[in-house]
J.: 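My questions will all concern the structure given below.
Hydrogens, waters and symmetry mates are skipped; everything else that's a heavy atom, side chains included, is used. Note on naming: letters A, B, ... go to the chains in the order of the sequence lines (proteins, then strands), and numbering restarts at 1 for each one.
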Amino acid sequence: MSSQISPHVRVRFAPSPTGYLHVGGARTALYNYLFAKKNNGKFILRIEDTDEARSTQESLQGVVDDMVWLGLKWDEGVDPITLQDVGPFGPYRQSERLSIYKEIVEQLLNSGKAYYCFLTDQEIEKQREESAAAGHFAHVNSPYQDWTLEQAKVKLAAGEKAVVRFKTRELKKDYIFNDQVRGEVKFPSDMVGDFVVLRSGGMPVYNFCCAIDDHLMKITHVFRAEEHLPNTLRQLMIYEAMGWQAPEFGHMALILDEDRQKLSKRKGAVACGQLKQEGYLPSAILNFIALLGWSHPEEKEILSVEEMIQAFDISRLNLSGAIFDRVKFKWMNAQHLRATPNKELWNLVQPFLARENMELPQDPAWQEMSVSVFKTSMETLVDAIELYKPLNDKSYVVLPEADETLKWEPTKAVLSAWRDLVKAHPSDYMTEAEFLKIQDEVKNITGAKGKNLFMPIRVAVIGKPHGTELKTLVPLIKKSSLVQRAEMALALA
RNA sequence: GUUCCCAUCGUCUAGGGGCCUAGGACACCUCCCUUUCACGGAGGAUACAGGGGUUCGAAUCCCCUUGGGAACGCCA
C-alpha cells in the first residue's frame, strides 16, 4: 500500500514507562527506526506517562536503557542519561505537556465539541449492567452532554468532580482512512461512545494526548501495533474537531505468544532486559523481531541493521500475527554469535564468566583463542559458562558420565602415559602440534587407539568423554593443571 | 454481544492469475564429514481452513462459512 512518502519523514516510538520494554514494543520501535533511516527522516522517542499510578522513573530509565542497548538511537526525545528533553518539539514527556493539553481541552469545551460529565463510577457501572442485561453492548450515555458550559461551571465551582468527554453524538458517519499497511479501513462513528479526554484529576488521556502530540510534533507516519487500530477512530475524531490533518497510519500485526494471544507483560512477555541476561545479542534480537512480520525481498534471513534499513519497505509487512518462536530465535542468536569477531566476542562473554568467579588467564591471545574454540558450540552467551568451566582449575571434576570410560581396559595405561608425557613437557602450555605429538606417543606406548585413546584423555582433560575437540582445547589449559587432572582421573580408573 | 483485523508446512515466511506436481528458514528424520560432541554439507517428511463464484486457467480476485485475534476504561 505504498503511497508518496513525504519529504520530511518524522516517526515516533511512544512507550509508556509502566514496565519493561518487551519484544513487541522493540519491534514497533525497530520498524519506525528503519522507516526513518530508510527515508532520511527523524525518529522520535516520546514518553506517554499520563498514567500517573503506573508510570515510574525506573521504568522510563529501563526502557531508555534497553533502546540504547538495542542500538535504536533516536533523534529527538529524552536524553538517555539525564532524561532531559533533546529536540525542538519538547517537552517529550506527556506529563510535562499538561498546559498544552488543557488549552486544547478548553477549545473543545468552548466550541461545544466536548463537555464536563459528572457521572459517577457507580452510575456508569449501572448503565453497563443495564445494557448487558438487555443483551447488548452500549456506550456511556451521559445526561450532561446537553448541559451548557455555564451550567457545568456552577457545579464545578461547588466542588464537584468531572471528567471531560468528547461529544460523538453529532458525528454520524463512517470514518475511513487508508492504513499504510492494511489498505482502506472503515469504522462506524458509533463504535465509540463519548470518550473521556480529561480525567477528573486533571490528567488527559492517551487517545487525546497521542493525537495532539503527533500533530504538534509534526509526526508524518504513525506505525504502531494492531491493537491500536480501533483507537485510530477516536484520534481521527480529534483531528477532525481541531481541523488538523491526520498523519498517515499504519498498523502492524501483533507478536503472539505460544497460545496465539497478544504478548502481554502480565503473562511474562519476552522482555529485552531478560534476553540480555540470557545472553542474546542485540543484533540477533533486532534481526529476529524484524522478521516477525516483515521479510527481506530476497528472503535473506541473517541481516545487519544496515541491511534492514536498505531493504525496509512497509509494503513487505505481513498482515497476520506471528508467534515468537524461541527455538528459531536461539538459532539466529547463534548465527550472530559466530559472525562476531573473536576479540569482540570475548568482551561479550567475559561479563558472564565474571559472574561465575572463574579464574581465567588475562592474556588477550589466550582469550581470543578460547572464544574461537567455543564459538561453534555456543547459542547464547550464557552457554559460555559451561564451556569455560573445564578451563577453570577449580571446577575440574570427573563426571558420572565418565564412569564407563574409566572402566575400559586400556584406560589406566592411557591415563598414566598421558600424565607422564604432559609432565615432561617443557613449557606451561602446549601447542596443537605438540599435543598431537604427545597423543601419538600415548598411542604408541599403550597401543590404544580410537575411542579407547581419545575418550580417556578427554576425561583427563574435561572430566567427561564427550565435548570439544581435544587438539583445540588442550592448548588452552596449563600444563600443571593437565597433570593434576590426569592424576585425579587416574585415581578413579 | 458489537465493531474491526487476519487466515500457505508444527513455527517464521516466499508467493501479486499461468514460472507452483507451492520455494526458503527453524525444528524433526536419514546420510556424509568427523576416531567423541558440536560446526558444516547432502537428502527426506510436512502446508494453500472449507464451500461457492469469476476466469481458458486461482494459493493468488470476489462472496459466504468456519477458525483465530484485537478493541470496546478516568490503561496505553
J.: Report which part of the nucleic acid A:Arg46 touches: base, sugar-phosphate, or nothing (heavy-atom distance under 4.0 Å, all strands).
T.: nothing

J.: At 4.0 Å (heavy atoms only), tell me whether A:Phe187 reaches a base, stays on the sugar-phosphate, or touches nothing.
T.: sugar-phosphate

J.: Assign A:Lys330 to base, sugar-phosphate, or nothing according to its heavy-atom contacts below 4.0 angstrom with the strands shown.
T.: nothing

J.: With sugar-phosphate meaning primed atoms plus P, OP1 and OP2, does A:Asn452 contact a base, only sugar-phosphate, or nothing at under 4.0 Å between heavy atoms?
T.: nothing

J.: Between B:C37 and A:Thr468, counting only base atoms on the nucleotide and side-chain atoms on the residue, is there a donor-acceptor pair under 3.5 Å?
T.: no

J.: Please work out if A:Val327 contacts a base, only the sugar-phosphate, or nothing of the nucleic acid, heavy-atom cut-off 4.0 Å.
T.: sugar-phosphate

J.: It should be established whether A:Arg128 places a side-chain nitrogen or oxygen under 4.0 Å from OP1 or OP2 of nucleotide B:G73.
T.: yes

J.: Centre of A:Tyr115's six-membered ring, under 6.0 Å away, within 45 degrees of the axis: is that where NZ or CZ of A:Arg165 sits?
T.: no

J.: Kindly give the heavy-atom pair with the smallest separation between A:Val414 and A:Asn452, and that separation in Å.
T.: CG2-O, 3.9 Å

J.: Is there a Watson-Crick or G-U wobble partner for B:C4 with both distances under 3.5 Å, and if so, which one is it?
T.: B:G69

J.: Categorize A:Pro465 for me: base, sugar-phosphate, or nothing, with a 4.0 angstrom heavy-atom threshold over every strand shown.
T.: base

J.: Go through the steps for A:Lys437 and A:Glu434 under the test salt bridge (charged side-chain N to carboxylate O under 4.0 Å, His left out), then give the verdict.
T.: CA-CA 5 Å; A:Lys437 202 172 154 230; A:Glu434 286 162 347; over 6 Å; no

J.: Which one is paired to B:U21, where only Watson-Crick or G-U wobble pairs with both distances under 3.5 angstrom count?
T.: none

J.: Distance check, C1' atoms only: B:C48 and B:A59, in whole angstrom units.
T.: 5 Å

J.: Can you tell which of B:C39, B:G24, B:C72 lies closest to the side chain of A:Arg234?
T.: B:C72

J.: Just to be sure I understand the rule, does A:Glu299 reach a base, reach only the sugar-phosphate, or reach nothing, if contact means heavy atoms closer than 4.0 Å?
T.: base

J.: When syn is taken as a glycosidic angle within 90 degrees of 0, is B:C61 syn or anti?
T.: anti

J.: Quick one: is A:Thr50 getting a side-chain N or O under 4.0 Å of the B:A76 phosphate, OP1 or OP2?
T.: yes

J.: For A:His251, report the nucleic acid contact type (base, sugar-phosphate, nothing); a contact means any heavy atom under 4.0 Å.
T.: nothing

J.: Using a cut-off of 4.0 Å on non-hydrogen atoms, how would the nucleic acid contact of A:Arg54 be classed: base, sugar-phosphate, or nothing?
T.: base

J.: Could you tell me the Watson-Crick or G-U partner of B:U36, where both distances fall under 3.5 Å? Say none if there is no partner.
T.: none

J.: Answer yes or no on whether A:Lys155 is positioned over the face of A:Tyr116, meaning its NZ or CZ is under 6.0 Å from the six-membered ring centre and within 45° of the axis.
T.: no

J.: Students often get this wrong, so: under 4.0 angstrom with heavy atoms, is A:Asn231 touching a base, only sugar-phosphate, or nothing?
T.: base

J.: Using the side-chain heavy atoms of A:Ser200, tell me which of these nucleotides is nearest: B:C74, B:A76, B:C39.
T.: B:C74

J.: Between B:A25 and A:Lys328, counting only base atoms on the nucleotide and side-chain atoms on the residue, is there a donor-acceptor pair under 3.5 Å?
T.: yes

J.: Should B:A14 form a Watson-Crick or G-U wobble pair with both distances under 3.5 Å, which nucleotide is its partner?
T.: none

J.: Is the ring centre of A:Phe43 less than 6.0 Å from the ring centre of A:Tyr33?
T.: yes

J.: If I compare all heavy atoms of A:Leu406 with all of A:Ala489, which pair ends up nearest, and what's the gap?
T.: CD2-O, 3.9 Å

J.: Using a heavy-atom cut-off of 4.0 Å across all strands, would you classify A:Arg260 as base, sugar-phosphate, or nothing?
T.: sugar-phosphate

J.: When we call it a touch if two heavy atoms are under 4.0 Å apart, what does A:Gly293 touch: a base, just sugar-phosphate, or nothing?
T.: sugar-phosphate

